[in-house]
Amino acid sequence: MSTTGATADPLAALGELPGVAESVESVRKAVDRVYGHRIMRRRSNEITSEAALRGARGSAVLSGADWVLEEVRRRTDFRGDDEARVMGAALRLTAEAGQLLSIWRQSPLRVLARLHLVAAADDNARVGRPRQDGEPVDEPLVELPLPDAAEVSGRLEGLAELIIAGSSAPALVTAAVVHGELLALRPFGSHNGLVARAAERIVLVGSGLDPKSVCPAEVGHAELGRAAYVAALEGYVSGTPEGMAAWIAHCGRAVELGARESTAVCEALQRGAA
């Protein structure tokens with residue numbers, strides 16, 4: 001995303017694209033339904049915990065670890081094969097994201113570095129810093145052209161400036177741009193998708209849209225499928241108004257599906273079935 005142009009608030013300008021206001025309103029209604037559920041008044045901590053687990057699973061699915069929920073719930077050791085390590089990384093990121101909310105608005109690049117360190121769980125010198133030219137990137141889901149290190153650095157700085165400056169844009173728009181920009185740049189040597197989705201969660205929670213973190217967008221992204229995810233990302237990378245609006249709408253639909261998931265959990269708890 002270019003951060004230059006006539007408007008001082010490019011995120012707010014994206015909020016004015018055709019169809020975006022409708023997506024924002026639809027998301028707000030879906031979130032309100034969860035927060036208005038009677039179970040949320042008495043057992044919100046349980047909903048938050050379950051949403052975290054399901055969100056981690058959804059993010060891992062998009063990174064190639066398609067485990068059933070009960071397997072994620074049962075396992076305690078994630079040091080085995082590649083899929084187990086991906087799942088472990090997703091769970092660690094979900095837990096860590098909640099600890100970084102207060103830092104995000106002041107130092108988003110510090111938060112991103114921390115997220116990568118947590119995901120990689122490795123003392124390799126490349127972990128926790130943007131990649132340099134010639135360093136490989138392991139992100140098999142996203143096969144778009146890879147920006148060079150100079151572009152990555154410049155666009156990360158631009159993104160950080162937008163977040164620190166603040167915006168009148170709806171939380172959905174900001175979250176979608178953070179998510180899309182990190183996937184487009186793939187600034188780290190690994191785990192970029194997991195980090196991008198964790199950053200999206202931080203924006204949605206920290207903005208006040210989903211303060212209890214009970215609307216896991218990762219669940220929705222997984223439900224919509226990897227093909228739709230990549231197709232929507234291509235719209236973001238194109239930079240066209242239509243492509244950007246389609247990506248924001250896709251992220252909005254993912255939040256709605258996450259909200260629906262937690263509403264179903266509330267219903268199950270109310271029936272005493274969970």
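Counting begins at 1 with the first residue of the sequence.
Taken from OG1 in Thr174 to CD1 in Ile202, the straight-line distance is 14.0 Å, to the nearest 0.5 Å. Between Thr263 atom OG1 and Gln270 atom CD the span is 11.5 Å, to the nearest 0.5 Å. Atom CZ of Arg41 and atom CZ of Arg38 lie 7.0 Å apart (nearest 0.5 Å). Residue Leu53 holds its CG atom at 5.5 Å from CD of Glu50, rounded to the nearest 0.5 Å. A distance of 9.0 Å separates CG in Leu257 from CD in Glu261, rounded to the nearest 0.5 Å. With values rounded to the nearest 0.5 angstrom, Glu157 atom CD is found 11.5 Å from Leu162 atom CG.
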*Is there a side-chain contact (heavy atoms from CB on, under 4.5 Å) between Val177 and Val203 once you walk through the steps?*
CA-CA 10 Å; Val177 167; Val203 174; over 6 Å; no
*Where do Arg57 and Val219 land on the side-chain contact (heavy atoms from CB on, under 4.5 Å) test, with the steps shown first?*
CA-CA 8 Å; Arg57 179 205 170 262; Val219 168; over 6 Å; no
_Derivation and outcome, side-chain contact (heavy atoms from CB on, under 4.5 Å), residues Val205 and Lys212_ = CA-CA 7 Å; Val205 174; Lys212 294 183 182 293; over 6 Å; no
*Given Glu71 and Met87, is the side-chain contact (heavy atoms from CB on, under 4.5 Å) satisfied, shown in steps?*
CA-CA 11 Å; Glu71 176 68 7; Met87 188 63 68; over 6 Å; no
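Closest non-hydrogen pair, Asp148 versus Glu151, comes out as OD1-N, 2.8 Å. Taking all atoms of both residues into account, the shortest heavy-atom contact from Ile47 to Cys266 is CD1-SG, 3.8 Å. Nearest heavy-atom pair, Pro147 versus Ala184, reported as atom, atom and distance to 0.1 Å: CD-O, 3.5 Å. The heavy-atom pair separating Leu112 from Ala199 by the smallest distance is CD2-CB, 4.1 Å. The nearest pair of heavy atoms linking Pro216 to Gly55 is CB-CA, 3.8 Å. Across all their heavy atoms, Gly243 and Ser238 have their closest contact at CA-OG, 4.0 Å.
Note on Phe78 and Leu69: same hydrophobic cluster, where clusters join Ile, Leu, Val, Met, Phe, Trp and Tyr whose side-chain heavy atoms are under 4.5 Å apart, directly or indirectly. Hydrophobic clustering of Ile, Leu, Val, Met, Phe, Trp and Tyr side chains at less than 4.5 Å, counting indirect connections, unites Leu182 with Val237. When the side chains of ILVMFWY residues are joined at heavy-atom separations under 4.5 Å, either directly or via intervening members, Val137 and Val152 end up in two distinct hydrophobic clusters. Residues Met244 and Val230 are members of one and the same hydrophobic cluster, defined by side-chain heavy-atom contacts under 4.5 angstrom among Ile, Leu, Val, Met, Phe, Trp and Tyr. At a threshold of 4.5 Å between side-chain heavy atoms, the hydrophobic network of Ile, Leu, Val, Met, Phe, Trp and Tyr places Val86 and Val72 in two separate groups.
Partners of Val142 by side-chain contact (heavy atoms from CB on, under 4.5 Å), not counting sequence neighbours, listed by chain and number: Glu139, Leu144, Leu183, Arg186, Leu233. For Glu256, the side-chain contact (heavy atoms from CB on, under 4.5 Å) test picks out Ser26, Val27, Ala30, Arg253, with sequence neighbours left out.
Using a 4.5 Å cut-off on side-chain heavy atoms (C-beta onward), Ile248 and Tyr236 make no contact. Residues Leu62 and Leu194 fail the side-chain proximity criterion, which asks for heavy atoms closer than 4.5 Å. Counting only heavy atoms from C-beta outward, the side chains of Leu17 and Glu242 never approach each other to under 4.5 Å. When side chains are defined from C-beta on, Cys215 does not count as touching Ser262, because their heavy atoms never get closer than 4.5 Å. Side-chain contact between Arg126 and Gln132 is absent, with no heavy-atom pair separated by less than 4.5 Å. Considering only heavy atoms from C-beta on, Ser23 comes within 4.5 Å of Leu172 through its side chain. The shortest distance between side-chain heavy atoms of Val214 and Tyr35 falls below 4.5 Å. Residues Leu146 and Arg131 form a side-chain contact, since some pair of their non-hydrogen atoms from C-beta on lies under 4.5 Å apart.
Among pairs with a residue in residues 146-171, none fulfils ring-ring contact (aromatic ring centres under 6.0 Å, His included), at least two apart in sequence or across chains. Applying the ring-ring contact (aromatic ring centres under 6.0 Å, His included) test to residues at least two apart or on different chains, the pairs with a partner in residues 106-137 are His116-Phe188. Applying the side-chain hydrogen bond (donor to acceptor under 3.5 Å, both in side chains) test to every pair with at least one member in residues 90-110, sequence neighbours left out, gives these pairs: Glu96-Arg114. Applying the side-chain hydrogen bond (donor to acceptor under 3.5 Å, both in side chains) definition to pairs two or more places apart or across chains, those involving residues 191-208 are Ser59-Arg197, Ser63-Arg197, His179-Glu200, Arg197-Tyr229, Glu200-His221, Arg201-Ser213, Arg201-Glu218.
A distance-only check finds no donor-acceptor pair linking the side chain of Asp9 to the backbone of Ser167 [under 3.5 Å]. A distance-only check finds no donor-acceptor pair linking the side chain of Ser190 to the backbone of Asp138 [under 3.5 Å]. Between the side chain of Ser153 and the backbone N or O of Ala149, no donor-acceptor pair lies under 3.5 Å.
In this structure, Asp82 pairs ionically with Arg85, as a charged nitrogen and a carboxylate oxygen lie closer than 4.0 Å. In this structure, Glu70 does not pair ionically with Arg74, as no charged nitrogen and carboxylate oxygen lie closer than 4.0 Å.
Among Leu185, Ile164, Leu109, Val178, the single residue meeting the side-chain contact (heavy atoms from CB on, under 4.5 Å) criterion with Leu159 is Val178.
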